[in-house]
J.: 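Questions regarding the structure given below will be posed in turn.
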Amino acid sequence: MEALPKITFAPPKAAAERADSVHAVPRPAVRLAPVIPPAGRFADRIFKGLVLGCAASVFAIVVLIVIELVSQSRLSLRAFGLSFFVHSNWDPVSGDFGAFPFIYGTLVSSLLALIIAVPLAAGVALFTTEMCPRPLRSTLSFLVELLAAIPSVIYGLWGIFVLAPILRTYVEPWLAHNFGWTGLFEGAPYGLGMLAAGIILAIMIVPIIASITREVVTAVPRQQREAVLALGATRWETLRIGVLRNARTGIMGGIILGLGRALGETIAVTMVIGNSPQISKSLFAPGYTLASVIANEFTEATGNLYLSALMEIGLALFIITLIVNALAQLLVWSVTRGMPARAIG
Amino acid sequence: MDNDKHSGHETHAWKVSFGRRVANSAATIGMACAAVLVVTPLVVIFSYLVYRGIGALNWSFLTQIPKPVGEAGGGMANAIVGSALILLIASAIGIPLGIGSGVFLAEYGRNRYGDVVRFTADVLNGVPSIVIGSTVWGLLVVTQKHFSLFSGAVALGIMMVPTVTRSTEEILLMVPQSVREAAIGLGISQWRVTVSVVLRTATAGILTGIMLAFARVAGETAPLMFTAFGNQFWSVSPNQPASALPLQIFYYATSAFEELNRQAWAGALVLIVLIVGTIGIVRLVASRGLMKGAV
Amino acid sequence: MGVPIQAKGLNAWFGKTQALYDIALDIPPNHATAIIGPSGCGKSTFVRCLNRMHETVPNARVAGSVNIGTVDVYGNGTPAVELRRRVGMVFQKPNPFPTMSIYDNVAAGLRLNGIRNRHKLDESVERSLRQAALWDEVKDSLNTKSGASLSGGQQQRLCIARALAVEPEVMLMDEPASALDPISTSKVEDLIYQLKEHYTIVIVTHNMQQAARVAEFTGFFLMGRLVEFDKTEKIFTTPRDKRTEDYITGRFG
């Protein structure tokens, strides 16, 4: 501790004269001056260093992740180069690795999830903020929040034992019968496959998209609504012109954030997608994703090249989600004006 | 639809055109349907979970370790304890780091360095859990040459950091500047102002963020697969492979034995009770208005 | 006993904008001195320079000297933190610590300065609350009610008690009654009137009647400059400067 000069404004004698207080309350025996340690700039510096260290560690963790991913996948990067991502053979036995089936499976399952989730999420968000009777409002948003709290593994469990049988016996035969001509719904209805993965992912990302939508819609100033309302618009028109037009960038951000979550989702997808590195037009067919191939084969990977190929898939997943999330944050921030976007738990 | 009556020209006799009315009704019905469709899976999942879980849940499930495959009975006691230990250590790592960086962002981070940290925290928040798992495997498991409870805890701890950081920052920024000024005006040093006044004012909110981060990682499976790995036996050593509830559910759910599938449901029920219980406490605390004064 | 305050050649900036120009002002001890002037004239900045609160605003800068008693406020080695403990401050909007009880609010300054003795804390809290004329209203709910649950006027008196508890020699008040209703305002004014026997009080106000009621001396600020400083009576009856007269008679501001 550095020694700091003690301040005394008044000579001690004067302090004694102050003894009588306004309301004749007895003066306390305590005199502050002697007992106060010189408040430390030193302590301030230590504290600042401490929290700075914490913040730096966040940065360090991300840097470590990048370094680790790159160094672990170096072998595979050198062996296959960029062709790794367009090559579609995945054969651990002969040491030939191409990630295209996983990229395909990841993209298709995530897009399918978005197609299902976006209208639902936007609908439920607008319903809660604009239409729903007040007492129901908080209950509804709590329920949607709960949907986000269900662990991935439980979605997977439910997907295997409830969703897949329903798809197999009812939904898929019906789809094949009525829409089989599109080519999207043909082949044996297994239940487990791309469609199941898409549906499970959709349920999992609805809460994220819905909560961001709610946030940006509430951020639209009241005057915007009133201006449209005053022109003689119906409730829907007010919503469409006065609210959605202002909030669409932010909603887009929410959708992309949901996409980011879907791309990286592991366990639930692994449990229902069928895990077979094939590229099929039919949504009934099993598929494989970047995340689930890591989950399934990592501990079984024999040989350095195999392991390295899996690490390179991890690296690709990291880069893709980084880009997608950065884009989403940018869009959400542009609407909420740099107010910290809520950390999505 | 009172508002609608007053729109349109007088010649239209105060009526909104048919098309507009249909669009309005269709949109309303569509949104209500979306709400129902979103809530349905939740209800279905929960009720099925309770139905299957209660049936499989019994005392030995909570107190025994797994029996060898093929034998009936046994339980997940080791996984429950494993999860508890992993979460305890993960919290010990993730919470201080998260609060510290949240404090940095709110109190010292209104500048370029803060933006860098803010951005990396958001990046970390978006990193898929499986990637965090494989990175921690590379950093800890490879160097130690064996799977361990501790490495699993590190993976989950890392996942807690960004959530706690951002929620702490957000809450601290909600503490009015006047509260800081009042404390500074009393002649309190900067760090005491932060610790004893600002953080204290924001305690309830910070706690909420912590609990949500906790609930989020409590159900994580992917980051534990190559770190804690799983264990069929009792083990409380941080240095040994350990089982965890989500891991055990995953292995049992994908197993071909019906008895194990049954136990997976019981485990899922225990897990969801833990998580929803945590969130319920958060909601209760938040609704009691302990935060009211700080906003 | 209060101590005199002496400002010399005081200049202050917010970034590139200069807020105070060469202020020279002698504030006498054990009296209340009012600082008046239109919004944006620098009166708040001036009092915030007296206890170095000004420099807590990002990019804010001060030049010149201030002496409180024998202490050179901007002197090398004068610790700002200790200084602020000796110079109490009450802010425009009541700002009690929202999650602390009434007791904890008043005791906050003492506790943070290292006083733990329960008996001493009890004594200080009671004395400060009595001085702030709040004791009778809150004595039964010291530990059960939070500072934020009080009414606006009570909150402000709580803030005054909080400032008094650390036994300052000088009390700076930055428009302490501007956010209060008339009854609370008069309570706060009574309080100032009583406190000035023992403290040097500087009160910023945009309310001229208030200045006239509580202060013996008044300084008139305009556009960052001190236009006139004199006995309050003199300022309000026979001001020397035309601009003061215009302001007093309501011709601008």
Side-chain angles (χ1 to χ4, degrees), chain A residues 39-40 43-44 47-48 50-52 54-55 57-59 61-62 65 68-69 72 119-120 123-124 126-127 131 140 143-144 146-147 149-154 156-158 160 162 203 206 229 232 234-236 260 264 266-267 271 291 294-295 298-299 314 317-318 321-322 325 329 340 343 345, chain B residues 4 7 20 23-24 27-28 30-32 34-35 37-39 41-42 45 48 97 100-101 103-104 108 117 120-131 134-135 138-139 158 161 163 166-167 169-170 189-191 212 215-216 219 221-222 225-226 246 249-250 253 264 268 271-272 275 279:
Chain A
D44 279 346
F47 180 75
K48 188 175 176 184
L50 212 64
V51 296
L52 178 70
C54 289
S57 75
V58 175
F59 185 75
I61 288 171
V62 173
I65 289 177
E68 186 63 23
L69 286 173
Q72 293 276 359
L120 289 180
V124 75
L126 293 176
F127 186 75
M131 305 276 184
L140 199 56
L143 289 179
V144 177
L146 261 188
L147 215 48
I150 299 177
S152 184
V153 70
I154 292 182
L157 185 67
W158 184 76
I160 293 178
V162 182
I203 302 175
V206 157
L229 214 53
T234 63
R235 200 139 65 136
W236 166 239
T266 313
I267 289 300
M271 290 166 89
I294 304 178
F298 199 85
T299 47
L317 198 54
F318 175 82
T321 48
L322 173 65
N325 284 319
Q329 292 293 356
Chain B
D4 302 345
S7 61
R20 292 175 61 198
N24 192 38
T28 311
M31 283 178 221
L37 270 174
V38 168
V39 175
L42 180 78
I45 291 174
Y48 201 77
L97 274 183
S101 14
V103 168
F104 174 81
Y108 306 97
V117 173
T120 38
D122 286 345
V123 167
L124 193 54
N125 195 37
V127 176
S129 55
I130 189 87
V131 174
S134 47
T135 315
L139 290 170
I158 289 176
V161 171
T163 322
R166 295 295 262 141
S167 65
E169 182 199 5
E170 208 175 311
S189 59
Q190 181 69 44
W191 75 278
L212 289 179
R216 179 186 166 189
T221 316
M225 299 177 80
F226 332 130
I249 297 169
F250 174 68
L271 184 59
I272 203 79
I275 291 171
I279 293 175

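Chain letters run A, B, ... following the sequence lines, proteins first, then strands; residues in each count from 1. Every value quoted in this text rests on a predicted model; they were computed, and no experiment measured them. Just so you know, these numbers use all the heavy atoms, side chains as well, and skip hydrogens, waters and symmetry mates.
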J.: Quick check: closest heavy atoms across A:V51 and B:G100, and the distance to 0.1 Å?
T.: CB-O, 3.4 Å
J.: Select one option (side chain, backbone, both, neither) describing which atoms of A:L147 are under 4.5 Å from chain B's heavy atoms.
T.: both
J.: Between A:L69, A:L140, A:I267, which shows the greatest number of heavy-atom pairs under 4.5 Å with chain B?
T.: A:I267
J.: Sort A:L157 into side chain, backbone, both or neither according to what part of it lies under 4.5 angstrom from a heavy atom of chain B.
T.: both
J.: Between B:I275 and chain A, which part of the residue has a heavy atom less than 4.5 Å away: side chain, backbone, both or neither?
T.: side chain
J.: Quick check on A:I65 against chain B: is it the side chain, the backbone, both or neither that has a heavy atom closer than 4.5 Å?
T.: both
J.: Under a 4.5 Å heavy-atom cutoff, which of B:T28, B:L139, B:V103 has the most pairs with chain A?
T.: B:L139
J.: Please evaluate residues A:V153 and B:L271 with respect to the criterion side-chain contact (heavy atoms from CB on, under 4.5 Å), reporting the C-alpha separation (whole Å), side-chain torsions for both, the decisive distance (0.1 Å), and the verdict.
T.: CA-CA 10 Å; A:V153 70; B:L271 184 59; 4.2 Å; yes
J.: Chain B heavy atoms under 4.5 Å from A:I294: which part of the residue, side chain, backbone, both or neither?
T.: both
J.: For chain B, find which of A:C54, A:G123, A:G264 contributes the most heavy-atom pairs closer than 4.5 angstrom.
T.: A:C54
J.: Determine the option with the most heavy-atom pairs under 4.5 angstrom with chain A, choosing from B:G138, B:P41, B:P246, B:G219.
T.: B:G138
J.: Name the region of A:L143, side chain, backbone, both or neither, that has any atom closer than 4.5 Å to a heavy atom of chain B.
T.: both
J.: What part of A:I203 gets closer than 4.5 Å to chain B, counting heavy atoms only: side chain, backbone, both or neither?
T.: side chain
J.: Using a 4.5 angstrom heavy-atom cutoff, name the option from B:A215, B:G30, B:A23, B:S129 with the most pairs to chain A.
T.: B:A23
J.: Report which part of A:L50 has an atom under 4.5 Å of a heavy atom belonging to chain B: side chain, backbone, both, or neither.
T.: neither
J.: Please tell me if the side chains of A:M271 and B:F250 come closer than 4.5 Å, counting only heavy atoms from C-beta onward.
T.: yes
J.: Given a strict heavy-atom distance threshold of 4.5 Å, which part of B:Y48 is in contact with chain A: side chain, backbone, both, or neither?
T.: side chain
J.: Please find the pair of heavy atoms, one from B:V131 and one from B:T135, that lie closest to each other, and give the distance.
T.: O-OG1, 2.6 Å
J.: With a 4.5 Å cut-off on heavy-atom pairs, point out which of B:V161, B:I272, B:I279 contacts chain A the most.
T.: B:I272
J.: Please rank A:G314, A:A295, A:S57 by heavy-atom pairs under 4.5 Å with chain B and give me the top one.
T.: A:A295
J.: Please indicate whether B:Y108 has more than 12 foreign heavy atoms, meaning atoms of other residues, nucleotides or ligands, lying under 6.0 Å from its OH.
T.: yes
J.: Using a 4.5 Å cut-off on heavy atoms from C-beta on, say whether the side chain of B:V38 contacts that of B:L42.
T.: no
J.: Tell me, out of B:A34, B:G126, B:A253, B:S101, who's got the most heavy-atom pairs with chain A below 4.5 Å.
T.: B:S101
J.: Among B:L97, B:V117, B:L37, B:I249, who wins on heavy-atom pairs under 4.5 Å with chain A?
T.: B:L97
J.: Compare all side-chain heavy atoms of B:R216 with those of B:T163 and state whether any distance is below 4.5 angstrom.
T.: yes
J.: Evaluate the ring planes of B:F226 and A:F298, with Trp represented by its six-membered ring, and classify them as parallel (under 30°), tilted (30 to 60°) or perpendicular (over 60°).
T.: parallel
J.: Heavy-atom distance under 4.5 Å between the side chains of A:L317 and B:I130, does that happen here?
T.: yes
J.: Does any part of the side chain of B:R166, heavy atoms only, come nearer than 4.5 Å to the side chain of B:D122, both counted from C-beta?
T.: yes
J.: Just by distance, do the side chain of A:N325 and the backbone of B:V123 share a donor-acceptor pair under 3.5 Å?
T.: no
